[in-house]
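Here is the structure we will look at.
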Amino acid sequence: MEIASFLIVFFMVRYIRTSLQTAVRFPEWERILVIVQYAASGLLAADVFLDSSITKWLWHLMLLGMVGAAYLLKEFRPVRNVWLAVGPYILVSLFKDIARLIDSDFYESISTVVEIAEVFTLVWLIATWVSTQRQQKALEKERLKRLQEEEQSRIIAGQNVMLEQLVAERTAELTRQKEELEQTLTELKATQDQLIQREKMASLGELTAGIAHEIQNPLNFVNNFSEVSVELIEELKEERRREDRDIELEEELLTDLTQNLQKITHHGKRADSIVKGMLQHSRTSTPQREPTDLNNLADEYLRLAYHGLRASDKSFNATLIMDFDEHLSKVSVVPQDMGRVLLNLFTNAFYATEQKRKTGLAGYQPTVQVSTKRLSDEQIEIRVRDNGCGIPKTVLNKIYQPFFTTKPTGQGTGLGLSLSYDIVTKGHGGALTVETEEGEFTEFIIQLPT
Amino acid sequence: MKVLVVDDETDVQILFEQRFRREIRAGELLFAFAHSGEKALAYLNEHPSEYVLILSDINMPGMSGLELLRLIKTSYPAPPPVVMMITAYGDSESYDQAMQLGADAFLTKPLDFTNLKEKLKSAL
């Protein structure tokens, strides 16, 4: 039975070392266990060569020591159940040897039973060992699975962290882009405002020459009528000094004087209203709607546009036709805005006639016509017609687009009609339409609710 | 002497009538007024060879003063009368054009009536 004992010790030591991982966790026990292993090997050798009965007891001692240590020591708690497997064998073999020592006859009578019991305990031991091993394997499998799961969840957590970082980065990038876009939008809005302002200034530039001419005329009248009035007064004084006063002449002179003063006032006011119109045109603050005489407005801006062009191009000429509806009555509009629309339409009309004139058409008389008409109680109409080059069909649907212009680069902002369209439709709830035939005419029609 | 004044400003008539009241009363000068080049031509056709002096503004809607001058100088049947041009824009281009077309004088606004009177007298 020495081989069995040796194997039990050998496997028990191996079992304890591997399952407790003593090499790593309990180095001092590892040392002892290795010593035990060597001792077991030595004992086996002694058994073979010495054939002494002492070894038998040493085996019992070693086995008991092993099981006792496994059962009692705190560090060996996990392998405590080893006694369950080994215990029966130790007890039976110990009983066998003790019985043989005390009473060999008695032992002989029960030896068969004891031998069988010993075999059973060995079978029990192996069976227990196998089942433990199996359990161990299942546990190990479970542990590996858990480890794998832990590993997986750690990977997932890591991925989560990475994803969150990515999301944060993306969010930061998007926020940055959004801010950049907002900044760009603000800049665009500012640029748009500037462009509108520039367009206003450009049309003011077109106006300036016309305004200068328009102011010069009334001023000349003011000066002339003042001077002539002084002459009249001199004449009147002269007359009064004479013996035979001509009362009729004196009356005539006084009537003329009154008329002259009225003329001075009239032309003074005329210059005044032109300056006011000019100021209104360049004003940027939100303008108010007010009842406006559109006939006057159209007349004023047609002259301004005409003289403005005349001033910059001496050879330019056109027949102006004004056909105003006397029953138009005042319409509530923003005068400077509507003035800009009219100025723009007139300037375009003159430009169109000029383009046609440049083609050298014989007998061509450039004509620009403005007419007003009350359509109903709720609606009026202003038509601006020229017999110029007309608008080609291909560009007709683009004329209201901002920045669209047929003028050479640098000569037109391309905002005139776009702004006019906005002013008429959005600003006044009206409609701006066009009728045209290429090479023949263009007619813009403004319809406004009253 | 008969003078035809062509200007689109209607108040020019009152102004001239007052400025030349003494001459008009004395019968030295006789004025007629037209408010556009077209009307001036029509008036001249109705009163042929009556007018010896035409005073015309250059900048008028429709037929310009220069066009009127050209028509008078080229197609007016009677011996061309004296034509004086007036302009608010004292530019050399208009001046050259007016002179080339045969204008007898080139005046700029505001009109110097003393100067104009002398010119009219010398033209008489």
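We name chains A, B, ... by the order of the sequence lines, and we start the count at 1 in each one. Model, not experiment: these values are computed from the prediction.
Relative to the six-membered ring of A/F444, A/R383 misses at least one condition, a distance below 6.0 Å or an angle of at most 45° to the axis. Cation-pi check for A/K263 over A/F221 is not met; the charged atom does not lie both under 6.0 angstrom from the ring centroid and within 45 degrees of its normal.
Interface residue A/L249: only side-chain heavy atoms are found under 4.5 Å from chain B. With a threshold of 4.5 angstrom between heavy atoms, B/L111 approaches chain A through N, CA, C or O but not through any side-chain atom. With a threshold of 4.5 angstrom between heavy atoms, A/L219 does not approach chain B through any atom at all. A/N317 touches chain B through its side chain: at least one heavy atom from C-beta onward sits under 4.5 Å away, while N, CA, C and O do not.
Under 3.5 Å, the side chains of A/S229 and A/N260 contain a donor-acceptor pair of N or O atoms. A donor and an acceptor atom, one from each side chain of A/N220 and A/Q216, are located under 3.5 Å apart.
Here A/E235 is the residue among A/H266, A/Q365, A/E235 with the most heavy-atom pairs under 4.5 Å with chain B. Note on B/R22, B/E17, B/M63, B/E67: by heavy-atom pairs under 4.5 Å with chain A, the leading option is B/R22.
Around OH of B/Y95, the count of heavy atoms belonging to other residues, nucleotides or ligands within 6.0 Å does not exceed 12.
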